[in-house]
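Below is one structure, written out as structure tokens; the observations come after it.
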Amino acid sequence: MSTNVVIVGAGVLGLTTALILSKHENLSIVVVAKHMPGDYDIEYASPWAGANFFPVGKPGSNLQKFEKATWGELDRVCREIPEAGIHFQETVIYGRKKDAGTATGDWFGELVREDAWFKDVVPDFRVLGKSELPDDCDTGTTFTSVCLNTAVYLPWLLGQCVKNGVTIKRGILDHISDAPSHHPNGHASIIVNCTGLQASKLGGVEDQNVYPGRGQVVLVRNEPGVMITVSGTDDGGDEATYIMHRAVGGGTILGGCLQHGSWESQPDPNLAQRIMQRSIDLCPALAPKTGKVSELSIVRHGVGLRPMRKGGLRVEKEQIEGNTVIHNYGHAGYGYQSSYGSAWEVERLVLESLKGNGKVKSKL
Ligand code: FAD
């Protein structure tokens with residue numbers, strides 16, 4: 001007999017979790033979600049991400065553990081499965097001491113360290129010499145990272161789940177306890193909550209520590225030749241510059257900002273102008289003929305709300321109204337780079353819950 005599992009949410013966390021759990025025989029898995037790959041909506045963070053692997057977890061934190069674990073799988077998928085839409089990118093990170101204590105400076109605190117914990121995780125890590133730094137930067141590192149094309153990667157993840165027998169369906173839940181009714185058998189032993197920012201509103205969860213971290217981006221056709229970030233700008237403590245060239249024709253993401261607590265879904269044209277100008281200033285290869293914003297070929301402007309959480313991401317088990325719920329949300333600006341580590345922790349919690357009843361076998 002199989003054990004029914006309902007996963008709520010089809011963002012990168014819901015789909016990665018479904019993929020990992022689908023490798024176990026006798027788990028009958030349904031993913032139910034309001035938004036699916038292909039949708040662009042302010043309630044759906046995953047399509048808006050760059051997305052790359054820029055580790056920011058503090059040593060000893062769950063985030064750091066999950067990021068470290070995730071690198072190995074992103075590296076493997078990148079090497080072995082080109083159709084997943086991930087490629088390796090030469091990466092440059094610049095830090096400015098004056099950004100310490102700002103929204104973006106705090107966010108990138110670990111990323112900009114010259115003795116970063118991930119220096120032995122990613123390949124080719126090297127500290128830049130003073131002569132290699134822009135005038136206004138104090139630190140710099142370079143390494144090889146990855147950039148994912150979310151428009152290709154999310155459908156690929158979904159396809160892998162379907163191939164492994166996962167049922168995918170649309171649905172809107174008012175309460176987490178409604179999840180079992182979405183399984184064809186009408187009941188579920190385990191619910192996995194991957195609702196991202198909506199965990200702040202979903203009945204039975206209503207996590208008041210969850211709030212939006214607004215990010216605005218511009219997607220352009222121009223190619224930068226390198227993935228590059230600076231910890232802050234002089235235009236405001238919640239703005240930073242980052243440039244990511246997506247794999248397989250995905251264009252280049254120019255960012256960005258981290259606006260704590262803002263639910264604004266519409267792009268701010270002035271911020272867009274600043275993002276584009278700063279990107280060209282940092283990376284002249286984006287506009288080699290004129291050095292002007294008008295040389296950028298814009299695909300779209302975008303806004304996504306990162307699912308921030310005071311106290312950090314939440315991957316843990318809770319009993320709610322007699323249901324076993326495993327939460328997996330609150331991944332802020334690092335949902336892709338911590339996705340596999342988080343999903344493996346959910347897997348561990350699922351196996352722990354089912355231990356002893358002999359119901360779960362690995363297909364591998
Ligand atoms: P979401 O993608 O928001 O998915 C939530 C899912 O739950 C959706 O399917 C939704 O429909 C469903 N749902 C919610 N409530 C309900 C309900 N009541 N009923 C039914 N379904 C429901 N991360 C990185 O690792 N690297 C990056 O480079 C990066 N860049 C980013 C850039 C920007 C501009 C932004 C905004 C984010 C970035 N992130 C990045 C962060 C990353 O995008 C998020 O951490 C991640 O997408 C969160 O995924 P999620 O699955 O938790 O949530």
Side-chain angles (χ1 to χ4, degrees), residues 6-18 31-57 63 66-67 70-71 74 89 107 111 145-148 150 153-154 157-158 168-176 178-179 182 192-206 210 212-219 227 229 240 242-244 246 253-259 265 267 275 301-309 313-315 327-343:
V6 174
I7 297 172
V8 188
V12 66
L13 273 312
L15 294 175
T16 309
T17 303
V31 172
V32 57
K34 184 175 177 185
H35 303 98
M36 292 286 168
D39 297 349
Y40 283 88
D41 194 283
I42 196 63
E43 290 182 15
Y44 190 30
S46 293
W48 301 110
N52 67 11
F53 181 88
F54 271 10
V56 292
L63 174 58
F66 296 158
E67 286 177 333
T70 299
W71 171 259
L74 291 179
Q89 287 286 278
W107 172 23
L111 178 67
S145 184
V146 289
C147 187
L148 300 91
T150 63
Y153 183 70
L154 292 170
L157 270 183
L158 184 122
I168 312 276
K169 59 180 286 200
R170 294 261 184 183
I172 302 177
L173 276 68
D174 291 330
H175 197 285
I176 192 72
D178 299 339
H182 288 273
V192 188
N193 172 23
C194 300
T195 53
L197 180 59
Q198 299 308 313
S200 61
K201 299 182 178 168
L202 179 63
V205 181
E206 291 159 309
V210 173
R214 183 178 180 277
Q216 181 169 327
V217 294
V218 186
L219 179 64
M227 192 154 70
T229 288
Y242 59 82
I243 300 168
M244 304 182 201
R246 286 174 163 177
I253 288 282
L254 311 179
C257 62
L258 174 60
Q259 296 171 337
S265 63
I275 287 172
H301 294 271
V303 174
L305 302 181
R306 302 176 181 92
M308 315 297 291
R309 184 169 183 272
L313 53 78
R314 185 178 189 201
V315 185
H327 299 291
N328 186 14
Y329 65 82
H331 293 71
Y334 30 79
Y336 284 83
Q337 65 200 38
S338 61
S339 54
Y340 286 97
S342 302

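Counting begins at 1 with the first residue of the sequence. Order of listing sets the numbers, starting from 1, for every ligand and every atom in it.
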Problem set entry | Any N or O of Met36 closer than 3.5 Å to N or O of ligand 1 | no
Problem set entry | Val56 vs Trp107 side-chain heavy atoms within contact, under 4.5 Å | yes
Seminar exercise, completed: Looking only at protein heavy atoms, what sits closest to atom 8 (C) of ligand 1 is Tyr44 CD1, 3.7 Å
Exercise. Which residue holds the protein heavy atom closest to atom 5 (C) of ligand 1, what is that atom called, and what is the gap in Å?
Worked result: Cys194 O, 3.7 Å
Problem set entry | Polar side-chain atom of Tyr44 near backbone of Lys34 as donor-acceptor pair, under 3.5 Å | no
Problem set entry | For atom 3 (O) of ligand 1, closest protein heavy-atom neighbour | Ala45 N, 2.9 Å
Seminar exercise, completed: Heavy-atom proximity to atom 21 (N) of ligand 1, picking from Lys201, Gln216, Lys34, His175, points to Lys34
For this session: Compare every heavy atom of Cys257 with every heavy atom of Arg306, then report the nearest pair and how far apart it is.
Result: NH1-O, 2.9 Å
Exercise. When you measure from the side chain of Thr229 to the backbone N and O of Tyr242, does any donor-acceptor pair fall under 3.5 Å?
Worked result: no
Problem set entry | Atom indices of ligand 1 within 4.0 angstrom of Leu202 heavy atoms, with elements | 18 (N)
For this session: To the nearest 0.5 angstrom, please state how far the OH atom of Tyr334 sits from the CG atom of Asn52.
Result: 14.5 Å
For this session: Spell out, as yes or no, whether a donor-acceptor pair under 3.5 Å connects the side chain of Ser46 to the backbone of Val12.
Result: yes
For this session: Mark up the atoms of ligand 1 that fall under 4.0 Å of a heavy atom belonging to Val12, in ascending order.
Result: 46 (C), 47 (O), 49 (O), 51 (O)
For this session: Number the atoms of ligand 1 from 1 as they appear, then name those within less than 4.0 Å of a heavy atom of Ile172, with their elements.
Result: 19 (N), 20 (C)
Exercise. Has ligand 1 got any nitrogen or oxygen that is less than 3.5 angstrom from a nitrogen or oxygen of Gln337?
Worked result: yes
Seminar exercise, completed: shortest atom 23 (N) of ligand 1-to-protein heavy-atom contact is with Gly333 O, 3.1 Å
Exercise. Considering only the protein, which heavy-atom contact is closest to atom 16 (C) of ligand 1, and what is its distance?
Worked result: Thr195 CG2, 4.0 Å
For this session: Look only at interatomic distance and state if Trp48 has a nitrogen or oxygen under 3.5 Å from any nitrogen or oxygen of ligand 1.
Result: no
Problem set entry | Taking every non-hydrogen atom, the tightest pair across Val8 and Ala179 | CG2-CB, 3.9 Å
For this session: Determine the minimum heavy-atom distance between Pro37 and Leu15, stating which atoms define it.
Result: CG-CD1, 3.7 Å
Problem set entry | Shortest protein contact, atom 32 (C) of ligand 1 (heavy atom only) | Ala49 CA, 3.5 Å
Problem set entry | Nearest heavy-atom neighbours spanning Leu305 and Ala45 | O-CB, 3.5 Å
For this session: May I ask whether Met244 places a heavy atom under 4.0 Å from ligand 1?
Result: yes
Seminar exercise, completed: Quick note on ligand 1: atoms under 4.0 Å from a heavy atom of Gln198 include exactly 14 (C), 15 (N)
Exercise. Under 3.5 Å between some N or O of ligand 1 and some N or O of Pro307?
Worked result: no
Exercise. Can you find an N/O atom of Ala10 closer than 3.5 Å to an N/O atom of ligand 1?
Worked result: yes
For this session: Measure the OH-SG distance between Tyr336 and Cys147 for me, rounded to the nearest 0.5 Å.
Result: 10.5 Å
Exercise. Would you find a donor on one side and an acceptor on the other, under 3.5 Å apart, between the side chain of Gln337 and the backbone of Glu67?
Worked result: no
For this session: Report the distance from atom CD1 of Ile168 to atom CD1 of Ile7, rounding to the nearest 0.5 Å.
Result: 8.5 Å
Seminar exercise, completed: Distance col, row Ile253:CD1 vs Leu219:CG, nearest 0.5 angstrom, shows 4.5 Å
Exercise. Which residue owns the protein heavy atom closest to atom 10 (C) of ligand 1, what's the atom, and how far is it?
Worked result: His35 ND1, 3.8 Å
Exercise. For atom 35 (C) of ligand 1, which protein heavy atom lies nearest, and how many Å away is it?
Worked result: Arg306 CG, 3.8 Å
For this session: Using distance alone, determine whether Ala332 and ligand 1 share an N or O pair under 3.5 Å.
Result: yes
For this session: Just do the side chain to side chain donor-acceptor pair (under 3.5 Å) check on Arg309 and Ser200 with the steps written out, would you?
Result: CA-CA 9 Å; Arg309 184 169 183 272; Ser200 61; over 6 Å; no
Exercise. How many angstroms lie between atom OG1 of Thr195 and atom NE2 of His35, to the nearest 0.5 angstrom?
Worked result: 12.5 Å
Exercise. Going by distance only, is there an N or O of Tyr336 that falls short of 3.5 Å from an N or O of ligand 1?
Worked result: yes
For this session: Provide the number and element of each atom of ligand 1 under 4.0 Å from a heavy atom of Glu43.
Result: 3 (O)
For this session: Using a strict cut-off of 4.0 Å, indicate which atoms of ligand 1 neighbour a heavy atom of Gly304.
Result: 36 (C)
For this session: Give yes if a backbone or side-chain nitrogen or oxygen of Asn52 is under 3.5 Å from a nitrogen or oxygen of ligand 1, and no if not.
Result: yes
Problem set entry | Per-atom contacts, ligand 1 versus Leu173 - under 4.0 Å to a heavy atom | 17 (C), 18 (N), 19 (N), 20 (C)
Exercise. Do Trp48 side-chain atoms and Asp41 backbone N/O form a donor-acceptor pair below 3.5 Å?
Worked result: yes
Seminar exercise, completed: Nearest heavy atom to atom 49 (O) of ligand 1, choosing from Gly335, Ser46, Gly213, Ala33, belongs to Ser46
Exercise. Out of Ile7, Leu13, Leu305, Leu148, whose heavy atom sits nearest atom 51 (O) of ligand 1?
Worked result: Leu13
Exercise. Sub-3.5 Å donor-acceptor pair from the side chain of Thr16 to the main-chain atoms of Tyr340, do we have one?
Worked result: no
Exercise. Hey, is Tyr334 one of the residues with a heavy atom under 4.0 angstrom from ligand 1?
Worked result: yes
Exercise. Any N/O of Val217 closer than 3.5 Å to an N/O of ligand 1?
Worked result: no
For this session: For His331, counting its heavy atoms only, list the atoms of ligand 1 lying under 4.0 Å from any of them.
Result: 45 (O)
Exercise. Do any nitrogen or oxygen atoms of Gly9 come within less than 3.5 Å of a nitrogen or oxygen of ligand 1?
Worked result: no
Exercise. Rounded to the nearest 0.5 Å, how far does CZ of Arg246 lie from CE of Met227?
Worked result: 12.5 Å
